[in-house]
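This report concerns only the one structure given below.
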Protein chains: 2
Amino acid sequence: MYTIGKLSKKTGVTVRTLDYYDEIGLIKPSSKTDGGHRLYNDEDVMRLERILALKYMGFTLEQIKEILKGATTTWYESIQQQLELVKREQKRLSMLEKALLGVSHSLEFEREVNWSLIFGITQLFQQDQEDLFQQYDDYLNEEEINKIIDMDAQMTEEDIKEWLKVIGDIKHNLDIDPVSEKAVQLAESWLSQVEKMFGNDEALLEDMREALQNLKEGVAFYPMDKDVIDFLERVFIAKEELK
Amino acid sequence: MYTIGKLSKKTGVTVRTLDYYDEIGLIKPSSKTDGGHRLYNDEDVMRLERILALKYMGFTLEQIKEILKGATTTWYESIQQQLELVKREQKRLSMLEKALLGVSHSLEFEREVNWSLIFGITQLFQQDQEDLFQQYDDYLNEEEINKIIDMDAQMTEEDIKEWLKVIGDIKHNLDIDPVSEKAVQLAESWLSQVEKMFGNDEALLEDMREALQNLKEGVAFYPMDKDVIDFLERVFIAKEELK
DNA sequence: ATAAATCAACACGTTACGTGCGGTTCAATA
DNA sequence: TATTGAACCGCACGTAACGTGTTGATTTAT
């Protein structure tokens with residue numbers, strides 16, 4: 001027989017928590033003293049341990065109450081459901097991580113907080129990737145879209161950093177002469193970055209270029225808006241003409 | 001100028017939420033009508049959009065309040081801190097996922113809910129892996145411990161399932177004759193599983209065997225308690241003697 | 001028997017709002 | 001201009017899982 005204090009020490013759960021579990025009917029003590037103090041026996045202890053295990057597995061107290069009186073079928077369903085929840089949360093966190101990394105690196109390259117970049121990144125990760133790329137449907141085929149999504153998912157921190165550096169550089173020099181050496185250099189570093197990501201898939205690159213040119217909404221796969229695209233176009237056209 | 005309803009529609013945030021943000025001083029409307037209705041201008045809208053972006057990035061409203069009036073240094077720190085938080089949560093979820101998968105598969109192999117298995121699995125994932133393997137310090141060297149931790153982290157769902165099947169089978173037959181064909185078969189399926197995981201590192205296997213034999217606490221790397229170990233020992237000893 | 005420790009029971013605080021209410025103000029129509 | 005319906009304000013209570021603190025009763029140790 002344990003008083004509530006002993007039980008608390010034995011299990012590491014605070015007295016208040018046991019209070020609360022009593023209050024919501026999760027564990028009622030099996031007996032009481034004449035004065036009204038709660039006494040827990042070994043069976044109660046076992047029940048508490050089960051509660052703690054289930055809590056660790058991420059169930060709410062309400063779910064635990066149900067599970068502890070339920071059949072095996074309830075069990076299996078509950079666990080599958082919980083697994084689904086965990087997987088969704090993992091997806092969300094992985095997007096969140098990328099968004100934070102993006103903002104973090106952008107802070108390194110620019111002296112001020114770049115809000116439009118932040119909006120771009122968060123928008124980019126807000127809805128499901130598939131939904132996001134829906135708008136490119138007119139320009140890219142399914143295979144190409146999947147290739148981009150796949151690549152996006154596999155981007156490492158280093159990749160994000162490099163992209164942001166290249167695009168950040170360009171954004172700071174949008175107004176320079178398209179035929180200047182600096183402009184050509186910027187365009188080339190962008191091109192090499194693209195090549196590193198997509199390889200030499202000329203058809204894909206061409207389709208993407210067309211998509212980016214035509215879409216009103218600025219943000220593309222990475223925080224590359226129309227400003228940047230237009231700059232690149234100017235440089236490439238100038239280069240063509242020089243030949 | 002937007003009334004609170006228009007702003008709500010424009011941004012997708014509920015009126016109550018805007019109410020609340022006003023209440024805690026996160027966005028005060030820049031002006032009001034004579035009757036007291038709140039009016040928001042473009043600057044207010046921008047502030048709201050920033051708030052939403054930060055909220056998506058996982059900050060609390062209190063943090064957002066601080067960030068929005070702070071300097072760039074605050075920014076960088078906040079983001080790093082948030083990244084840390086995300087990474088910890090990712091770790092936790094990955095353990096949680098494994099625990100749930102373990103219980104799920106154990107439900108497939110046994111007809112009833114196996115609480116001791118659940119305790120084993122949750123204990124296994126509760127504290128940090130390094131802490132957990134601390135107790136093996138006397139028997140395994142650092143390199144070996146790291147190898148096990150590494151292997152544990154890389155276990156796929158399929159691996160977990162196979163382990164649980166093998167161990168579950170053994171647990172259901174703890175009392176059979178160690179020289180019976182069934183016993184030998186069980187021991188061999190266990191051995192092949194071990195080999196699949198650890199390769200042919202004889203020294204590691206021997207050290208692990210010793211550790212498992214000597215530790216009072218039953219749970220080892222997978223829900224394999226002393227019962228199982230003892231069974232395996234009996235079979236192997238019987239085999240030796242038969243030779 | 002008395003002091004010290006423990007306990008029960010209650011209340012309020014936490015986060016980010018949802019839901020609902022009565023009363024006021026706004027915008028559009030008769 | 002008067003009316004009416006929609007929008008709005010301010011307030012209050014509810015949520016999940018407890019933490020913190022209080023007061024008064026009970027148990028334990030001396």
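Protein chains get the first letters and strands the later ones, always in sequence-line order, with residue 1 at the start of each.
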Mapping Thr60(B) and Asp22(A) onto DNA chain C by nearest heavy atom, which one lands closer to the 5' end?
Asp22(A)

If each of Gly35(B) and Phe59(B) is mapped to the nucleotide of DNA chain C with the nearest heavy atom, which maps nearer the 5' terminus, i.e. the 5' end?
Phe59(B)

Charged N to carboxylate O below 4.0 Å: is that the case for Arg92(A) and Glu89(A)?
yes

Can you find a side chain N or O atom of Thr3(B) that sits less than 4.0 Å from OP1 or OP2 on dC26(C)?
no

Return the 5'-most residue of the pair Arg16(B), Lys6(B) with respect to DNA chain D, ranking by each residue's nearest nucleotide.
Lys6(B)

Of all heavy-atom pairs between Ile160(B) and Gly102(B), which one has the smallest distance, and what is that distance?
CG2-CA, 3.9 Å

Salt-bridged, Glu84(A) to Lys87(A), with N to O below 4.0 Å?
no

Is it the case that over 12 heavy atoms from other parts of the model lie below 6.0 angstrom from the NZ atom of Lys28(A)?
yes

dC7(C) OP1/OP2 closer than 4.0 Å to side-chain N/O of Arg38(A):
no

Taking OH from Tyr20(A) and C1' from dT14(C), how many angstroms apart are they, rounded to a whole number?
13 Å

In whole angstroms, how far is the C1' atom of dT15(C) from the CD1 atom of Ile64(B)?
12 Å

So which one's nearest nucleotide on DNA chain D is more toward 5', Asp19(B) or Asp34(A)?
Asp19(B)

Taking only side-chain nitrogens and oxygens of Thr14(B), does any of them come within less than 4.0 Å of OP1 or OP2 of dG18(C)?
yes

Would you say Thr33(B) reaches dC26(C)'s phosphate, i.e. side-chain N/O to OP1/OP2 under 4.0 Å?
yes

To the nearest Å, give me how far apart CG (Leu18(B)) and C1' (dG18(C)) are.
14 Å

Return the value, rounded to whole Å, for the distance between atom NZ of Lys9(A) and atom C1' of dC7(C).
13 Å

Tell me if the CD atom of Gln80(B) is crowded by more than 12 foreign heavy atoms within 6.0 Å.
yes

Can you find a side chain N or O atom of Thr17(B) that sits less than 4.0 Å from OP1 or OP2 on dA16(C)?
no

With the threshold set at under 4.0 Å for non-hydrogen atoms, list the residues of residues 23-32 of chain A touching DNA chain C in residue-number order.
none

Arg38(A): which of Thr3(A), Asp19(A), Thr33(A) passes side chain to side chain donor-acceptor pair (under 3.5 Å):
Asp19(A)

Measure the distance from CG on Leu39(A) to C1' on dA8(C) and round it to the nearest whole Å.
13 Å

Side-chain N or O of Lys55(A) closer than 4.0 Å to phosphate OP1/OP2 of dC18(D):
yes

Do Met46(B) and Arg50(B) touch side chain to side chain, with heavy atoms closer than 4.5 Å?
yes

Any non-hydrogen side-chain atom of Asp44(A) less than 4.5 Å from a side-chain atom of Leu7(A)?
no

Distance check needed: dT27(D) C1' versus Met1(A) CE, whole Å only.
16 Å

Find the distance Tyr2(B):OH to dA7(D):C1' and express it as a whole number of Å.
18 Å

Write down the distance between CD1 (Ile4(B)) and P (dT25(C)), rounded to a whole number of angstrom.
17 Å

Between dC9(D), dC18(D), dT6(C), which nucleotide gets closest to the side-chain atoms of His37(B)?
dC9(D)

Of the listed dT26(D), dC17(C), dC8(D), the closest approach to the Tyr21(B) side chain comes from dC17(C)

